[in-house]
Protein chains: 2
Amino acid sequence: MEDKTKSRRKAASKRSTKAPAKIEDVARHAGVSIMTVSRAMRGVEGVSAKKRAEILRLAKRLNYQPSSVAGSLAAANSTLIGVSVPTLFEAVFAEIFDGMRATFANAGLQTVMDTTEYDKTHEQSWVDRMISWRPAGIILSGAEHSAHTRSRIRAAGIPALEIWDFTEDPIDLCVGVDHHAAGLEMGEHLVKLGYRRPAYVGVEQDRDARAENRLEGLRSAFESFGLSNDHDIRAGKQASFEAGFNGVRTMLSTAAPRPDVIYFLNDHMAFGGLMACERAGLKVPRDIGIVGFNGLNINKVLDKPITTSLTHRSLMGETGAKMLVAKILGAKTERTVALPVDLQDGETTRRQ
Amino acid sequence: MEDKTKSRRKAASKRSTKAPAKIEDVARHAGVSIMTVSRAMRGVEGVSAKKRAEILRLAKRLNYQPSSVAGSLAAANSTLIGVSVPTLFEAVFAEIFDGMRATFANAGLQTVMDTTEYDKTHEQSWVDRMISWRPAGIILSGAEHSAHTRSRIRAAGIPALEIWDFTEDPIDLCVGVDHHAAGLEMGEHLVKLGYRRPAYVGVEQDRDARAENRLEGLRSAFESFGLSNDHDIRAGKQASFEAGFNGVRTMLSTAAPRPDVIYFLNDHMAFGGLMACERAGLKVPRDIGIVGFNGLNINKVLDKPITTSLTHRSLMGETGAKMLVAKILGAKTERTVALPVDLQDGETTRRQ
DNA sequence: GGAAACTACGTTAACGCTAACGTAGATCGC
DNA sequence: GCGATCTACGTTAGCGTTAACGTAGTTTCC
């Protein structure tokens with residue numbers, strides 16, 4: 001009877017070639033209690049050095065890997081940090097993530113990442129799934145989240161960090177840059193350089209709230225001088241070289257009078273746009289100005305560096321990770337940190 | 001006594017503002033058994049429509065989120081797919097990942113990703129941590145893994161996919177391209193175009209096994225014509241624009257006689273190198289040839305597209321994901337799939 | 001040299017959930 | 001009209017681990 005039940009259970013489970021070893025197997029082989037194995041594996045006190053060594057050797061031989069699932073259920077704590085980024089196609093998020101790595105590794109926390117495709121529904125379901133794993137912390141990109149997302153995270157009492165966009169009113173913690181201010185600063189700079197007919201080239205759908213904020217900043221700069229931005233071109237789904245290229249082609253074939261400067265969603269789009277301008281016979285910056293955002297790597301190899309706003313992605317990641325770790329450990333930390341953006345006057349805009 | 005034990009336990013747990021609702025809370029509020037709530041939440045049979053609706057409403061109100069930790073321990077199954085990529089700085093892996101997304105989402109599987117930094121020790125510990133969560137499947141980049149990694153995955157009996165590099169002898173499943181063959185094909189092409197003094201520009205440390213395979217392929221092509229590649233420059237840690245730029249600068253200042261063609265680790269490095277050549281007054285392809293790998297996005301906007309080998313990253317991701325899902329569901333699938341690489345003759349190498 | 005303190009274990013009871021099985025009451029078939 | 005089947009639940013026994021506590025044997029201290 002006993003036997004039958006067991007074999008049934010086994011057969012019902014996925015075609016398990018061989019069930020992986022569990023703590024009980026190690027205990028039996030070592031002739032000790034389960035608890036002693038548990039202590040030995042975790043390196044906590046209460047086991048003699050000799051027995052510990054023996055148990056560890058046995059565990060290795062049996063290919064025993066403690067189950068984090070059972071472990072975190074029993075201990076009610078976890079070492080997971082859930083990270084959500086809109087896309088991996090923009091190097092920015094890879095750089096932020098890279099900046100966080102060391103801090104989390106030092107704290108013994110492991111990150112698990114997924115992408116939301118700039119979609120709030122995606123993000124919501126990601127948050128729910130993530131919470132169901134009871135992580136030690138959660139990281140979201142940007143500062144605009146659905147009410148559902150905010151309340152779920154708060155209700156779960158999980159430390160959370162919003163990164164990239166700055167807000168005074170975060171779910172929990174926030175580190176980022178003020179995108180509106182960055183756009184405004186760039187706009188004022190361009191006005192000062194004498195530009196009067198700005199255009200914008202971004203991606204289809206205004207899913208990227210930060211980019212929209214920058215555009216608004218730029219617009220208000222021009223508007224405060226009585227100038228308006230009529231040309232708002234959206235091309236492609238991702239902020240790629242190609243999208244920038246196509247956006248400019250579209251613009252040049254439709255816009256009259258021609259804009260005198262183009263503000264791009266980021267440097268990659270700006271480079272694509274630069275290529276399109278030159279292909280169309282326009283000299284940059286003589287005939288038209290090109291402006292990007294982020295200060296991406298490509299800028300370092302171009303003959304004519306693109307005028308852009310440099311963001312400090314790695315520092316941002318590190319700062320955010322430290323704040324989150326502090327919060328998780330119950331230490332004091334600032335709730336919000338705003339990082340500066342450095343305007344870099346390149347050679348794709350005219351000299352003053 | 002009973003009470004004391006409970007409160008002690010509570011106090012000992014992390015400063016829980018308020019413990020999140022559990023299935024028991026919902027059951028109590030709804031006046032039904034725990035099992036009925038479980039069934040209602042999972043949408044399985046055995047609950048009347050009326051009760052189900054009521055329970056779901058209650059769950060929402062109590063902010064109840066079923067614990068995946070407890071759930072997968074009890075049900076001994078999981079919906080996790082662990083994905084390991086060497087770096088997020090190369091768009092290639094983002095594209096492969098993107099290609100997999102839809103397939104996994106349709107199968108109700110969720111991915112969790114982390115990076116290994118091209119480090120086998122990193123990868124090993126990632127595999128161990130991942131296995132401890134008992135995922136439904138595991139995805140590794142490349143085909144060179146430590147014995148420990150291979151045996152652990154096999155011992156755990158978890159379906160695994162190796163992607164990007166092709167091998168006849170995978171841990172479990174494999175989809176990728178033959179990098180050696182791609183290098184060989186490009187080498188033969190360059191010989192045919194009349195190139196005789198090839199050079200290579202890659203990154204410091206030969207951590208990227210695929211890139212080394214391509215280089216070997218290229219070399220054997222030249223060697224079979226009695227030509228050798230003397231110039232092997234390593235610059236930077238990441239395969240960035242800048243690394244390509246710096247690599248070429250180094251090369252031009254040291255190499256004599258000057259190589260007539262440079263093979264780069266990828267298109268981004270090639271573009272950086274192209275910039276460095278032009279900065280140095282060399283005309284491409286008149287004075288020197290530039291060759292990349294991957295067929296990255298930037299190539300679509302360049303006046304002179306870079307000669308490269310196009311890889312089909314999105315297709316690769318999709319193919320691999322389908323194979324893995326099939327394996328997880330117990331369906332038949334091929335063990336290995338080799339995808340083609342398309343040589344694209346650009347304008348950074350001379351015409352025949 | 002005997003109580004106190006420690007060391008190195010073992011035992012028990014969770015952790016939050018689900019599989020498997022049990023069971024009233026309703027429905028059905030002939 | 002009565003056994004057979006079905007529906008909608010409830011009960012029981014884990015899943016693999018750890019926290020908390022219990023307990024022999026050993027050491028320490030004055």
Tell me, please, which residues at least two apart from A/R101 pass salt bridge (charged side-chain N to carboxylate O under 4.0 Å, His left out).
A/D98, B/E117
To the nearest Å, give me how far apart CE (A/M35) and C1' (D/dA19) are.
7 Å
Between C/dG10, D/dC15, D/dG10, spot the one nearest the side chain of B/S33, thanks.
D/dG10
Using the closest heavy atom to pick a nucleotide of DNA chain C for each, name whichever of A/R134 or A/V47 lands nearer the 5' end.
A/V47
Between C/dT18, D/dC9, D/dT17, which nucleotide has the shortest distance from any of its atoms to the side chain of A/P66?
D/dT17
Do B/V112 and B/M130 have side chains that approach each other closer than 4.5 Å (heavy atoms only, starting at C-beta)?
yes
A/R39 near the nucleic acid: base, sugar-phosphate alone, or nothing, with a heavy-atom cut-off under 4.0 Å?
base
Need one value for B/G71: base, sugar-phosphate or nothing, where a base atom within 4.0 Å counts as base even if backbone is also close, heavy atoms only.
sugar-phosphate
Please report the distance, rounded to the nearest Å, between CG in A/L73 and P in C/dT18.
12 Å
Ignoring backbone atoms, establish whether B/S38 has a side-chain N or O less than 4.0 Å from OP1 or OP2 of C/dT18.
yes
Quick check: does any side chain N or O of B/D165 sit under 3.5 Å from a backbone N or O of B/G142, one acting as donor and the other as acceptor?
no
Rounded to whole angstrom units, what separation is found between the CD1 atom of A/I34 and the P atom of D/dT18?
10 Å
Which listed nucleotide (D/dG16, D/dA19, C/dC9) is nearest to the side chain of A/A75?
D/dA19
Phosphate-side-chain proximity, A/T36 and C/dG10, N/O vs OP1/OP2 below 4.0 Å:
yes
Atom-to-atom span, CD of B/E24 to C1' of C/dG16 - whole angstrom:
9 Å
Less than 4.0 angstrom between a side-chain N/O of B/K22 and OP1 or OP2 of C/dC17, yes or no?
no
Which nucleotide sits closest to the side chain of B/S48: D/dA8, C/dT18, D/dT17?
D/dA8
Distance check: side-chain N/O of A/S67 vs OP1/OP2 of D/dG16, anything under 4.0 Å?
no
Hey, are A/D169 and A/R150 close enough for a salt bridge, meaning a charged N less than 4.0 Å from a carboxylate O?
yes
Need one value for A/V69: base, sugar-phosphate or nothing, where a base atom within 4.0 Å counts as base even if backbone is also close, heavy atoms only.
nothing
In a check of side-chain hydrogen bond (donor to acceptor under 3.5 Å, both in side chains) between A/S146 and each of A/E123, A/R152, A/Q124, which one passes?
A/Q124
Let me know the distance between CD of A/E45 and P of C/dC6, rounded to the nearest Å.
12 Å
Can you tell me how far C1' of C/dT7 sits from CZ of A/R52, to the nearest Å?
13 Å
Send over the distance from A/N77 CG to C/dA14 P, rounded to a whole Å.
19 Å
Gap between atoms CD1 and C1', on B/I23 and C/dC15 respectively (whole Å)
14 Å
